[in-house]
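Comments concern the structure below.
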Amino acid sequence: MRAAHRARLYGLQELSAVSRQVCGSVSSEIRECFAFDALHARAEATLAYEEVVARSPGQKQDDQLNHGIIVHGLLGTGRNWRTFARLLAKQAAAESGRGWRIALVDQRNHGRSAENGDFHPPHTMQAAAKDLVDLVQHNFGGQQLNMIVGHSLGGKTTLEFLTQVSQSGSKLSPPQQAWVLDANIGKVTLNKDAPSDVDKIIKEIKDIPLPIASRDWLYKYMEDRGYSIGLRLWMGSNLIPDGHGKLKWGFNIQGADDMYESYRERECWDVVKAPPQGTVLNIVRAANSDRWTKQTMLQLEQAQQSAAKSHPGQLNVHVLPNAGHWLHVDNPRGLMDMMLPSLVDP
């Protein structure tokens with residue numbers, strides 16, 4: 001029963017279907033020629049990340065690749081996007097004839113980056129975006145990104161990244177394209193513009209005594225407090241060994257809470273109304289998401305009109321059907337079909 005629940009929670013059934021469709025659309029020769037490099041973990045002074053690399057047929061090891069970054073949401077990690085990223089990179093390389101290198105970052109206070117003591121307060125959206133700037137400069141040689149994708153809190157980190165790299169004096173060029181997935185662009189009022197369970201979950205995590213004996217203990221603890229099976233399993237996925245036979249959280253909850261407070265307070269309408277020159281900014285709203293108010297959707301429509309009138313950057317607004325906030329799980333095929341054309345023919 002637990003395996004079935006996990007399949008539904010992480011969309012493994014849907015993602016398996018995507019995998020079959022992707023592999024079915026590529027000839028056996030191309031499948032054999034794809035070189036998926038091992039996922040490389042980095043844990044230096046910059047953000048920790050994994051890399052997914054897909055090469056098109058005939059590409060050599062040192063041939064130039066398109067570069068992209070995916071930025072996860074609150075209390076997530078880069079690995080949450082691993083399956084989707086591998087399929088996206090493989091399909092884009094197959095259709096474009098040029099390989100892709102996609103870094104799946106762990107934001108500060110999350111995943112392996114939470115173990116790095118170099119990320120000091122304040123834990124704000126501006127600081128999180130500066131982490132991305134440092135990563136691109138130090139680990140990617142300052143190369144222009146072909147793509148950056150941010151989901152939820154990671155979406156606002158992405159918008160702040162666009163703001164920073166478009167400023168005068170920036171050593172980095174703005175990315176060719178940016179995808180902001182189901183993220184609040186303006187300020188967020190709890191119980192109005194954001195689901196109240198986010199604040200509740202953060203408070204609950206702070207109250208759970210550490211270390212945690214087992215995942216089963218956590219599931220029972222949260223079940224007694226009325227949390228859904230999906231949420232319980234998702235929280236269990238954030239547990240890691242503490243080195244003494246028990247478990248701890250794979251994030252710094254106080255730092256993550258600080259980031260969420262900054263996410264709520266920070267608004268990024270200016271960069272949405274005026275995307276950087278040379279950047280195509282794509283805002284994706286999940287059709288069944290509870291993150292969007294009528295006022296926000298009206299502001300987004302006005303921003304699109306403003307960007308179309310007077311700015312060199314381009315703003316596109318998309319709605320992904322059959323998807324809630326976890327859109328890469330609910331409708332991965334639809335999200336991939338939405339993104340692929342711009343990766344293949346930017």
Side-chain angles (χ1 to χ4, degrees), residues 1-15 72-81 106-115 123 151-156 181-184 187-265 286 288-293 323-330:
M1 180 176 67
R2 186 174 298 166
H5 282 311
R6 284 198 180 100
R8 286 193 292 272
L9 174 61
Y10 295 110
L12 295 182
Q13 293 166 342
E14 293 91 338
L15 288 170
H72 64 80
L74 182 69
L75 304 185
T77 64
R79 72 183 182 190
N80 298 147
W81 286 83
D106 289 348
Q107 294 202 75
R108 60 169 55 211
N109 300 304
H110 293 76
R112 286 159 300 136
S113 293
E115 302 170 11
H123 299 301
H151 173 241
S152 195
L153 178 137
K156 191 163 278 187
L181 308 179
D182 214 58
N184 289 97
K187 292 187 177 183
V188 179
T189 303
L190 283 179
N191 301 318
K192 179 180 178 183
D193 300 328
S196 58
D197 62 347
V198 174
D199 193 49
K200 181 181 177 182
I201 290 168
I202 290 175
K203 291 178 180 177
E204 192 75 72
I205 291 172
K206 290 181 177 180
D207 290 339
I208 294 175
L210 295 175
I212 295 172
S214 67
R215 283 183 172 81
D216 286 337
W217 181 92
L218 178 68
Y219 298 151
K220 182 65 168 60
Y221 179 94
M222 299 191 75
E223 181 181 14
D224 292 344
R225 285 154 180 77
Y227 289 99
S228 68
I229 180 65
L231 185 56
R232 299 197 303 265
L233 291 172
W234 174 66
M235 291 308 302
S237 73
N238 283 296
L239 293 175
I240 60 174
D242 70 349
H244 303 284
K246 295 189 177 182
L247 300 168
K248 63 179 181 178
W249 296 114
F251 45 68
N252 171 3
I253 187 58
Q254 185 56 59
D257 189 16
D258 291 346
M259 293 176 72
Y260 182 61
E261 287 300 312
S262 177
Y263 170 84
R264 290 179 52 210
E265 292 298 323
N288 301 331
S289 173
D290 57 2
R291 265 62 170 179
W292 299 82
T293 65
H325 182 63
W326 304 101
L327 65 184
H328 65 300
V329 173
D330 294 340

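Being a predicted model, the structure only gives us computed values, none of them experimental.
In this structure, Lys248 contributes its side chain and Asp242 its backbone to no donor-acceptor pair below 3.5 Å. A donor-acceptor pair is defined here as one N or O able to donate and one able to accept, closer than 3.5 Å; such a pair exists between the side chain of Asp106 and the backbone of Gly78. A distance-only check finds a donor-acceptor pair linking the side chain of Arg215 to the backbone of Leu239 [under 3.5 Å]. Side-chain atoms of Lys206 do not come within 3.5 Å of backbone N or O of Gln254 as any donor-acceptor pair. The main-chain N or O of Gln107 is found under 3.5 Å from a side-chain atom of His72 such that the two form a donor-acceptor pair.
Expressed to the nearest 0.5 Å, how far OG of Ser152 lies from CH2 of Trp326 amounts to 6.5 Å. Between the CG atom in Leu75 and the CD1 atom in Ile202 there is a gap of 6.0 Å [rounded to 0.5 Å]. Atom-to-atom distance recorded for Asn109:CG and His123:NE2 is 4.5 Å, nearest 0.5 angstrom. We find the CZ-CD1 distance between Phe251 and Ile240 to be 9.5 Å, quoted to the nearest 0.5 Å. Atom-to-atom distance recorded for Ser113:OG and Asn252:CG is 11.5 Å, nearest 0.5 angstrom. Put simply, CG on Asn238 and CG on Leu233 are 11.5 Å apart, with the number rounded to the nearest 0.5 Å.
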Going through the distances and angles, do Arg264 and Glu261 end up as a salt bridge (charged side-chain N to carboxylate O under 4.0 Å, His left out)? CA-CA 5 Å; Arg264 290 179 52 210; Glu261 287 300 312; 3.3 Å; yes
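At least one side-chain heavy atom of Ile208 sits under 4.5 Å from a side-chain heavy atom of Trp249. A 4.5 Å side-chain heavy-atom check between Leu210 and Ile212 finds at least one atom pair inside the cut-off.
Nearest heavy atoms, Arg291 versus Asn184: O-ND2, 3.0 Å. For the pair Trp234 and Leu74, the tightest heavy-atom approach, listed with the atom from each and the gap, is CZ2-O, 4.0 Å. In plain terms, the two heavy atoms of His325 and His151 that are nearest each other are O-NE2, 2.9 Å. Residues Gly250 and Ala114 come closest through the heavy atom pair O-CB, 4.5 Å. Looking at every heavy atom in both residues, Gly76 comes nearest to Asn80 through CA-OD1, 3.2 Å. Closest non-hydrogen pair, Ala183 versus Lys156, comes out as CB-N, 4.1 Å.
Residue pairs meeting the salt bridge (Lys or Arg N to Asp or Glu O under 4.0 Å) criterion with at least one member in residues 218-231, sequence neighbours excluded, are Glu204-Arg225, Lys220-Asp224.
Under the 6.0 Å cut-off for aromatic ring centres, His328 and Trp81 qualify, their centroids lying closer than that.
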